[in-house]
Structure formats: C-alpha cells, structure tokens
Amino acid sequence: MVELALINWLHDGDYRIKVLRLLKSSPDIPTNISKKLEIHKSSLSRILNDLYDKKLIEKITSDSRTITYKISNLGEETLNEFDKKNGSK
C-alpha cells in the first residue's frame with residue numbers, strides 16, 4: 001500500500017502528476033518531456049530529481065549525457081492511488 005504522505009506530496013505538485021502520467025504512457029528523455037509539457041528544463045530537472053529521490057521514476061539509460069526516464073512500479077501504484085483518491089482517470 002502506498003503511503004498517504006506520498007500521495008499528498010504528489011498532490012502538491014501539478015507537474016509531478018503530469019510527468020508521471022507522461023512517463024506512464026512511455027519512457028522519455030527530459031528534452032521531450034519539457035517540450036510536451038511546455039515547462040522550462042531547469043524546472044523539469046528539479047521535478048525529475050524529486051520524483052527519482054522518492055523512487056517514483058527510474059533511469060533506464062545514462063550513456064553520455066542522455067538519460068531516459070520511466071515510471072517505476074511504486075510510481076504507477078502511487079498514481080493509481082492518487083487517481084482513486086481524487087476521482088481521476
């Protein structure tokens with residue numbers, strides 16, 4: 001079961017939820033994510049680091065300077081619980 005504190009933390013950041021939803025559909029690199037969400041790269045970098053620190057996303061490649069991110073199992077569970085709590089899809 002996902003901790004309520006984690007769901008509440010997710011709720012406090014609209015872009016955290018948007019990034020998780022995007023990564024749930026498919027893994028992606030920060031440049032593409034920032035373009036799709038129309039968010040500045042430095043803001044996205046902070047969000048990705050926060051999500052990674054909370055183990056909601058994973059890095060799946062890190063060759064040279066390119067990192068691809070994907071949602072983790074915990075990230076999917078947390079997003080699902082968030083959606084149940086908030087009546088989202």
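Note that OG of S26 is 12.5 Å distant from NZ of K70, once rounded to the nearest 0.5 Å. S45 contributes atom OG, which lies 10.5 Å from atom CD1 of I39 (distance to the nearest 0.5 angstrom). Taking CD1 of I67 as the reference point, atom CD1 of I57 lies at 9.5 Å (rounded to 0.5 Å). We find the CG-CD distance between L23 and E58 to be 11.0 Å, quoted to the nearest 0.5 Å. We find the CD1-OG1 distance between I71 and T78 to be 8.0 Å, quoted to the nearest 0.5 Å. With values rounded to the nearest 0.5 angstrom, L20 atom CG is found 11.0 Å from S25 atom OG.
Residues satisfying the side chain to side chain contact (heavy atoms under 4.5 Å, CB included) criterion with N8, sequence neighbours excluded, are L4, K85. Taking N80 as the reference, K24 meet the side chain to side chain donor-acceptor pair (under 3.5 Å) condition, with sequence neighbours excluded. Here S42 pairs with H40 under the side chain to side chain donor-acceptor pair (under 3.5 Å) rule; sequence neighbours left out.
Contact record, T68 with P27: CG2-CB, 3.8 Å, taken as the closest heavy-atom pair.
L22 has its side chain out of reach of N32: every pair of non-hydrogen atoms, C-beta onward, lies at least 4.5 Å apart.
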Would you check, one step at a time, whether the test side chain to side chain contact (heavy atoms under 4.5 Å, CB included) holds for Y69 with I60?
CA-CA 6 Å; Y69 289 92; I60 55 174; over 6 Å; no
Which pairs would a plain distance check flag for residues 9-17, meaning a side-chain donor or acceptor within less than 3.5 Å of a matching protein atom at least two apart in sequence or in another chain?
residue: D14; atom: OD2; partner: K18; partner atom: NZ; Å: 3.4
residue: R16; atom: NH1; partner: W9; partner atom: O; Å: 2.4

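Pairs of residues two or more places apart, or lying in two chains, that qualify as salt bridge (charged side-chain N to carboxylate O under 4.0 Å, His left out) and include a residue from residues 29-56 are D28-K36.
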